[in-house]
Protein chains: 2
Amino acid sequence: MTGAPQHETSPEHPAPTDQIRRVRRFNRTVTERVGVLHDHYLGRSRPVGEARLLWEIGGRPQDVRRLRERLGLDSGYLSRLLRSLETDGLVVVEPKPRDRRVRTVRLTSAGRAERSVLDARSDELAGSLLQPLNSAQRARLVAAMAEVDRLLTAATVAVDVVDPDHPDARWCLESYFAELQEAFDTGFEPGRSLLPDAGELRPPKGLFLVARLYGDPVGCAGLKLPHGAAAEVKRMWVAPDARGLGLARRFLAELESEAARHGHDTLRLDTNKALASAIGLYRSAGFREVPAFNDEPYAHHWFEKRITLPAAAE
Amino acid sequence: MTGAPQHETSPEHPAPTDQIRRVRRFNRTVTERVGVLHDHYLGRSRPVGEARLLWEIGGRPQDVRRLRERLGLDSGYLSRLLRSLETDGLVVVEPKPRDRRVRTVRLTSAGRAERSVLDARSDELAGSLLQPLNSAQRARLVAAMAEVDRLLTAATVAVDVVDPDHPDARWCLESYFAELQEAFDTGFEPGRSLLPDAGELRPPKGLFLVARLYGDPVGCAGLKLPHGAAAEVKRMWVAPDARGLGLARRFLAELESEAARHGHDTLRLDTNKALASAIGLYRSAGFREVPAFNDEPYAHHWFEKRITLPAAAE
DNA sequence: GTCATTCTCTGACCTTAGTCAGAGAACCGA
DNA sequence: TCGGTTCTCTGACTAAGGTCAGAGAATGAC
């Protein structure tokens, strides 16, 4: 409260700088409270690095390389950490049968025990944040935390153009088809649908986006960019885990600006009546329902939106 | 989203464990995003420790001991950090004229320049958190962050029993009187009021609480515990900076349980009509207005509450 | 079968962060 | 003016966290 000097701002409604000021206040408070306590609690019995690692290995065996990526560690350093956990009898590191260059790590039962100690500490930390508050305050804090968590997670999702044959893309598409199969009362056979072949979603005839969270794919969206016709959104899907992050809206915005950048002035799409929330999304994103512009057997609704190059955003 | 194993819980409304689970999710997301980025941005040119220090010194000269307390550093360590900043020409350390044991630190102009670089980095970090979000999401994130910030700050406030002659207590009382002087249309002279002398707010005749945030006093509250009469709240005050943290309510709860612990079954207080929000607080905390029980010249309202030993709280 | 590549590990090295035990200067109260 | 206290500093030390340059095994492409 006494605290650091502040910018001088005074707008009525939160201007960008005002937002930034508040984010900074948040960062400060949170790193002080959560950060300090976090290290304090976690590090009581072993270095934070080891604790984090133990934690990240978790239930199932993990490839060393994956851990390295996930935690962003130097391979030498990680190796040493693993050695240390190994001599403490907490993990076992062994070559992976299919590719003996790669090694996998799994927790021993001692490791699992240690991990559950860390778990308890983490609970303790969480409790210590709530403890001084009365129950109304607790409820509000938890709700606000959930909102921050959700939105920061959303901000962490990276959307990239990838080839539709990339493993992450394929994984998304398979999940998407599986979901359609469930959702449509007619079922869904990819073969019967008017699906563009991969070539149509690859430059120069189109493009394909994959969203990833901490390296794991969590959604995809394709765009057809036919010569002399409207651009078309295809195969947009968001993993159930990643819903509520505004990702679909982000895909649409991205595709829209890509389409505009390629000289298209109309974006369209078709969809199935079973996908009610998608339909709501399209409407609220500015799409208008139009007569069928193709004879996709699985489609019940067709939408269209006039697009323009966005003004210098940000 | 893929993320760590979770507890198994399923209550309708957030049970304690459910709250704790959410707090943990929050901690995880936030330390990953904010923590990592924070160190990354801040530490680009110099160690985080030095950067934090540079930051904390800020505009005005600071006593070394104050910095030490504030940042919770070992005196040897702090000394070394200062030496390092000094050889870089960023700060000047000199004995304080009034007490030459104490030394004060201030930034040189180079130090101020360096600090504004850090400032810019911090803005950059804040920006990078907002950047991937659309404007509605940004607004919601910022609002939720402000809520988290406020409540975590509230949870950081420590309330302790101190002697009413302690400098922190005196500071609070002076601020309190100064504020009454402003607020009452009659002004306020402590001498004319029925103020208990300090002895009455000191065990065994009473007690005095001071709330501190990061070591700085931010509020106080006194309690009279007269033999054979109702316990009485006196001199409750919260610093303007610290309002909205639920601190007054916390004081009341604390005093109430202290009074009950000392065998009192009634808590009472008087207040001035100018203190409208305090009056609202008393009512909502379960106090009922009663006829005057004293002839305090500055009082317009008298309140009373029946109290009992709280059931095992938490 | 050869060669380039991928993956993990080891050794050598470095900075940061922090602790602890005094030393020495300045101050304060009696 | 003496003795205890307060405050800062120095030296000696430690652990954590991390980087870098290979070495060596396994693999895949040709």
Side-chain angles (χ1 to χ4, degrees), chain A residues 31-32 35-36 38-57 61-88 91-106 118 167, chain B residues 31 35-36 38-57 61-88 91-106 118 167 215:
Chain A
T31 43
E32 283 192 9
V36 171
H38 184 256
D39 293 0
H40 181 244
Y41 276 95
L42 226 59
R44 261 196 319 222
S45 47
R46 57 182 59 256
V48 208
E50 287 183 20
R52 271 212 304 160
L53 180 51
L54 210 47
W55 179 265
E56 195 64 44
I57 296 171
Q62 299 260 9
D63 292 0
V64 169
R65 51 178 307 198
R66 185 183 159 73
L67 288 172
R68 198 167 47 232
E69 268 176 29
R70 186 95 178 199
L71 296 172
L73 299 176
D74 172 82
S75 75
Y77 182 36
L78 174 57
S79 187
R80 230 173 297 273
L81 287 178
L82 285 173
R83 223 47 57 226
S84 156
L85 291 177
E86 209 172 18
T87 55
D88 288 359
V91 305
V92 179
V93 184
E94 39 197 12
K96 187 170 179 165
R98 338 185 53 191
D99 180 346
R100 298 169 47 79
R101 287 171 305 183
V102 180
R103 311 194 67 187
T104 55
V105 198
R106 58 185 172 77
L118 294 177
Chain B
T31 44
V36 171
H38 184 255
D39 293 0
H40 180 244
Y41 276 96
L42 225 58
R44 261 195 318 223
S45 47
R46 58 181 57 255
V48 209
E50 288 183 21
R52 272 211 305 158
L53 180 52
L54 209 48
W55 178 265
E56 195 64 42
I57 297 171
Q62 299 259 10
D63 292 1
V64 170
R65 51 178 305 198
R66 185 184 158 73
L67 288 171
R68 198 168 48 231
E69 267 176 31
R70 185 93 178 201
L71 296 172
L73 298 176
D74 171 83
S75 76
Y77 182 35
L78 174 56
S79 186
R80 232 173 295 273
L81 287 177
L82 286 173
R83 223 49 56 229
S84 156
L85 291 177
E86 208 172 18
T87 56
D88 288 359
V91 305
V92 179
V93 183
E94 39 198 11
K96 188 170 178 164
R98 339 184 52 191
D99 180 347
R100 298 169 47 78
R101 286 172 305 182
V102 181
R103 310 195 66 187
T104 55
V105 198
R106 60 186 171 76
L118 293 177

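The chains referred to below are lettered A, B, ... by the order of the sequence lines, with proteins before strands, and numbering in each begins at 1.
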Task: Whether over 12 other heavy atoms sit under 6.0 Å from A:Arg68 CZ - done: yes
Open item on the list: What is the distance, to the nearest angstrom, from the CG atom on A:Asp74 to the P atom on D:dA16?
Closed with: 18 Å
Open item on the list: Quick one, B:Glu86 and B:Val105 - any side-chain contact, counting heavy atoms below 4.5 Å?
Closed with: no
TODO: Report the C-alpha distance between B:Arg66 and B:Glu69 in whole Å, list the side-chain angles of each, state the deciding distance to 0.1 Å, and finish with yes or no for salt bridge (charged side-chain N to carboxylate O under 4.0 Å, His left out).
DONE: CA-CA 5 Å; B:Arg66 185 184 158 73; B:Glu69 267 176 31; over 6 Å; no
Task: Interatomic distance, A:Leu73 CG vs D:dA16 C1' [rounded to whole Å] - done: 13 Å
Task: Residue among B:Arg103, B:Lys96, B:Arg101 satisfying side-chain hydrogen bond (donor to acceptor under 3.5 Å, both in side chains) with B:Asp99 - done: B:Arg101
Open item on the list: Can you tell me which nucleotide in D:dT8, C:dG18, D:dG18 comes closest to the side chain of B:Tyr77?
Closed with: C:dG18
Task: DNA chain C contacts among residues 91-100 of chain B, heavy-atom distance under 4.0 Å - done: B:Asp99, B:Arg100
Open item on the list: If I take atom CG in residue A:Leu78 and atom P in nucleotide D:dG17, what distance separates them, rounded to the nearest angstrom?
Closed with: 13 Å
Open item on the list: From C-beta outward on A:Arg101, which listed nucleotide comes closest to its side chain: D:dG17, D:dT8, C:dT6?
Closed with: C:dT6
Open item on the list: Could you tell me how far apart B:Glu86 (CD) and D:dT8 (P) are, to the nearest whole angstrom?
Closed with: 14 Å
- [ ] Kindly indicate whether the side chain of A:Leu73, heavy atoms from C-beta on, has any atom under 4.5 Å from the side chain of A:Leu81.
- [x] yes
Open item on the list: Side chain of A:Val48, heavy atoms from C-beta onward: which of D:dG17, C:dC9, D:dT8 has the nearest atom to it?
Closed with: D:dG17
Open item on the list: If you go through the side-chain atoms of A:Ser75, does one of them form a donor-acceptor pair with the base of C:dC9 closer than 3.5 Å?
Closed with: yes
- [ ] With the side chain of B:Arg80 defined as its heavy atoms from C-beta on, choose the nearest nucleotide among C:dC20, D:dT8, D:dG18.
- [x] C:dC20
